[in-house]
Amino acid sequence: MGGKRQAYVVRIRPSGNDLVEEALREDVLILGWSAIDAPAVLAQGGTETERRERLRKAIQETYGDEMSDEYVAYSTGMLWRFVQEIQEGDYAVVPHGPQFYVAEVTGPALYDASKRENDACHRRPVRWLNGKKPIPRALASAPLQARMKARQTIAYAGDLVEDIERVLKDAEEGKSPSLSQDIRQGLKEVVRRELLSGRMNPERFEGVVLRLMEGLGATEAWIVPRASDKGADVLAQFTLAGAFDFTVGVQAKYYNRPAPMGREAVDQLARALREGVAQLGLVVTVGEVASEAYEAAREYLEKEGLKIGIMDGEELVDLLVEKGLWEGLD
């Protein structure tokens, strides 16, 4: 992590139990999978690969036929993140109904065997910010609101640290959603429903993305013919400060299935950027985005210098409404 503050969205519902009030009272984050002591398993040493594999085997052996191989892998990732990846000083955003809380992690992961009854043994000490008071989701930025809808127990949100700090400042100053914000939110819900269940299809969605690029100031934008598609459905040219020209390659993913979009589109764009199709990449989808997609984009940036952004359905609708681009969509 290089010492940079990271952030995560953490759902505190082990085995379906809403334990947010307990977490607030005891100044901790709470995670389930209480049948194993993950900190003890990971404390046995070895390389990262060896320690991950030891944790995976412990989960598989402990839960046996209760878990599919896919869920064993998911559980391993969540416990690894909770115990190993999250660091002191990182932010934890905890959704709770129409509100959310924000905490700063203050210590390492602990295992409290006395909390097995509620599947609440895994804990991280935190300092709750904003005086332990909840913050309305409507006060958060569209990207942060979208990330709080992620289905993972713990979703990466390190790209939203500035958004988190901004909404904390607004909350501490006593700001609340205005009437105009509430009206815009209602309009966004209408547009989102149309994108998800109206007459939209993959081809029309490419047209929406084309219009979006034009609305964002592209000097030229066009849909790439299927036969020439090398990982980008739409290409858009921009001019920065009247002097610097660059091309953005966009993957238009009409992904409206219940499960969030994975990393495939990010991988496709990475291949396109390597081939010189564009200087920057952007994935735009109408649905939700899995944490693995954001992490893949981060890895490509850190390891290869490839810049790939992701815009989920919430962010897309926000831009369409704020810029008036939703009117007359075909």
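The residues of the chain are indexed from 1 along the displayed sequence.
There is no side-chain donor-acceptor pair under 3.5 Å between N130 and Y101.
Evaluation of the ring pair (Phe, Tyr, Trp, His ring centres under 6.0 Å) rule for F205 yields Y254 as partners, not counting sequence neighbours.
Using a cutoff of 4.0 Å between basic side-chain nitrogens and carboxylate oxygens, K132 and D27 are scored as salt-bridged. With salt bridges taken as basic N to acidic carboxylate O contacts below 4.0 Å, none links R54 and E50. Here R56 pairs with E53 in a salt bridge; the nearest charged N to carboxylate O distance falls below 4.0 Å. With respect to R52 and E48, a salt bridge is recorded, a charged nitrogen being found less than 4.0 Å from a carboxylate O. A salt bridge links R147 with D159: at least one charged nitrogen is closer than 4.0 Å to a carboxylate oxygen.
In N201, the CG atom is crowded: over 12 heavy atoms of neighbouring residues, nucleotides or ligands sit closer than 6.0 Å. A 6.0 Å sphere centred on CD of E162 holds no more than 12 heavy atoms belonging to other residues, nucleotides or ligands.
A heavy-atom distance below 4.5 Å is found between the side chains of L282 and M213. Contact check for E104 versus R5: side-chain heavy atoms found under the 4.5 Å cut-off.
When atom types are taken as modelled, the side chain of Q145 and the backbone of A140 share a donor-acceptor pair closer than 3.5 angstrom. For R137 (side chain) and G97 (main-chain N/O), a donor-acceptor pair under 3.5 Å exists by modelled atom type.
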